[in-house]
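Heads up, the thing below is written out as structure tokens.
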2 protein chains.
Amino acid sequence: MFRLSKKTEYAILAMQYLAEKSGEPVSAKEIATSLGLSFEFLSKSLQSLMKSGLVSSQQGIKGGYHLVGTPDMISVMDIIQAVSENVGIVECMTESDCSRSGSCNLKDPMSILQSKVNEVFTQTFLADFANETESNQFFNKDFKILNGIN
Amino acid sequence: MFRLSKKTEYAILAMQYLAEKSGEPVSAKEIATSLGLSFEFLSKSLQSLMKSGLVSSQQGIKGGYHLVGTPDMISVMDIIQAVSENVGIVECMTESDCSRSGSCNLKDPMSILQSKVNEVFTQTFLADFANETESNQFFNKDFKILNGIN
DNA sequence: TCTAATTAGGATAACAATAGTCCTATTTTC
DNA sequence: GAAAATAGGACTATTGTTATCCTAATTAGA
Ligand code: SF4
Ligand code: SF4
């Protein structure tokens with residue numbers, strides 16, 4: 001129900017990959033084969049990221065994508081919103097108010113919940129997805145113990 | 001993408017209604033007409049809530065549903081899980097590991113994100129959805145200002 | 001005992017969203 | 001000019017959500 005779409009997951013994987021290989025442009029094909037993803041479908045994610053300015057691209061042979069900005073400034077929410085707007089937990093959060101909106105006493109508490117959810121994703125950054133740096137590793141371990149994750 | 005299903009939303013609305021009318025059993029029909037929801041579809045939600053023990057039911061004429069437990073002990077997560085298991089933000093969180101699982105460096109950071117999301121929903125209770133009590137109203141106002149909600 | 005109101009739940013249809021593919025155009029380096 | 005790459009429209013397949021329909025079982029009360 002809160003499942004991230006594959007398009008989003010592919011986007012995060014690609015961004016993670018680009019973060020590691022910052023420097024020369026990386027082709028969609030390289031990312032796809034390296035991560036075992038569908039090239040065609042991954043391309044859609046990359047093109048969305050491009051549109052939102054999270055990556056920049058270079059066409060032609062020797063072309064590819066590279067990150068715009070640093071991993072500690074790019075939030076998961078940035079990536080999610082780049083590939084698909086819908087982060088509203090209920091209709092009235094993003095789209096126009098629903099038919100029940102006038103007399104709905106769920107709307108207000110839901111907006112609080114929405115803010116909390118938003119915070120989780122805006123406060124998690126690409127850097128937190130980096131491949132086990134020391135600080136990150138420590139944080140992970142700590143958090144896992146705290147939350148009883150294997 | 002993080003949209004709650006209607007089944008979940010109906011369940012929360014129903015629970016909210018039951019919380020107000022705690023005491024005598026309330027029929028699905030009354031809830032449906034009172035809230036302007038489809039009786040048939042709402043019934044599915046109520047039956048799921050029943051299965052999970054969040055409400056108890058009485059069949060026959062004069063029957064209906066009533067809350068089990070107090071609103072401050074029933075979390076939104078309880079309700080979500082009652083109507084639909086899938087709360088995993090990625091496949092490997094709930095179902096069996098996906099094909100990429102072995103070499104996936106997204107899995108670990110995702111599990112942290114999952115915990116944060118879970119926390120939001122396990123730490124929000126039916127009582128927080130109550131119809132504007134004084135304390136709740138204050139909290140709402142406070143939180144809204146803090147988060148820039150209209 | 002019969003009736004009406006109610007919950008329980010299976011089956012299924014209608015609709016929407018997601019996932020994935022295919023094809024063509026454009027750009028760029030060599 | 002050829003090859004490799006991005007850009008993106010169009011389309012299909014699959015899955016998930018939403019909703020309805022129908023029937024059975026239960027229970028209070030006349
Ligand atoms: S919370 Fe209320 S107003 Fe918002 S979508 Fe749900 S029913 Fe409509
Ligand atoms: S995070 Fe990795 S292991 Fe988990 S579902 Fe996504 S690709 Fe598979």
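In what follows, chains carry the letters A, B, and so on, assigned in the order in which the sequence lines appear, proteins first and then strands, with residues in each chain numbered from 1. Since we're looking at a predicted model, the values are computed, not measured. Computed from heavy atoms alone, side chains included, the values below leave out hydrogens, waters and symmetry copies.
Each of A:S57 and B:G60 was assigned the nucleotide of DNA chain D with the nearest heavy atom; the assignment lying further toward the 5' end belongs to A:S57. Toward the 5' end of DNA chain C, the nearer of the two residues B:K44 and B:K62, judged by each one's closest nucleotide, is B:K62. Checking A:T8 against A:I61, the closest nucleotide of DNA chain C that is more toward the 5' end is the one next to A:T8. Between A:S27 and B:R3, the residue anchored closer to the 5' end of DNA chain D is A:S27, taking for each the nucleotide with the nearest heavy atom.
Side-chain nitrogen and oxygen atoms of A:Q58 include at least one within less than 4.0 Å of the OP1 or OP2 phosphate oxygen of C:dT29. At the phosphate of D:dA7, OP1 or OP2 sits under 4.0 Å from a side-chain N or O atom of A:Y65. Between C:dT21 and A:S38, a contact under 4.0 Å exists linking OP1 or OP2 to a side-chain N or O.
Atom CZ of A:F41 and atom C1' of C:dC22 are 15 Å apart (whole Å). The CD-P distance, from A:E24 to C:dT29, rounds to 16 Å in whole Å. In this structure, the CZ atom of A:F2 is 16 Å from the C1' atom of D:dG16, given to the nearest Å. For the pair B:K29 NZ and C:dT7 P, the computed distance is 10 Å after rounding to whole Å. Residue A:Q47 contributes atom CD, which lies 16 Å from atom P of C:dA25 at whole-angstrom precision. Note: NZ (A:K51) to C1' (D:dG8) measures 8 Å, nearest angstrom. Protein atom CE of A:M50 is 11 Å distant from nucleotide atom P of D:dT6, rounded to whole Å. For the pair B:Y10 OH and D:dT18 C1', the computed distance is 8 Å after rounding to whole Å.
Of the candidates D:dT18, C:dC22, D:dT27, the closest approach to any side-chain atom of A:E40 belongs to C:dC22. Comparing C:dT21, C:dT27, D:dT26 by their nearest atom to the side chain of B:Q59 picks out D:dT26.
Between A:F41 and A:Y10, the ring planes lie perpendicular to each other; the angle is over 60°, past the 30° to 60° tilted range.
Checked by atom type and distance alone, the side chain of B:T122 pairs as donor or acceptor with a backbone atom of B:E119 at under 3.5 Å. Counting only distance, with no hydrogens or angles, the side chain of B:Q114 and the backbone of B:V87 share a donor-acceptor pair below 3.5 Å.
With hydrogens and angles left out, the side-chain atoms of B:S48 and B:K7 include a donor and acceptor closer than 3.5 Å. A donor-acceptor pair shorter than 3.5 Å cannot be found between the side chains of A:D108 and A:S111.
For A:K7 and C:dG20, a side-chain-to-base donor-acceptor distance below 3.5 Å is absent, hydrogens and geometry of angles not being considered.
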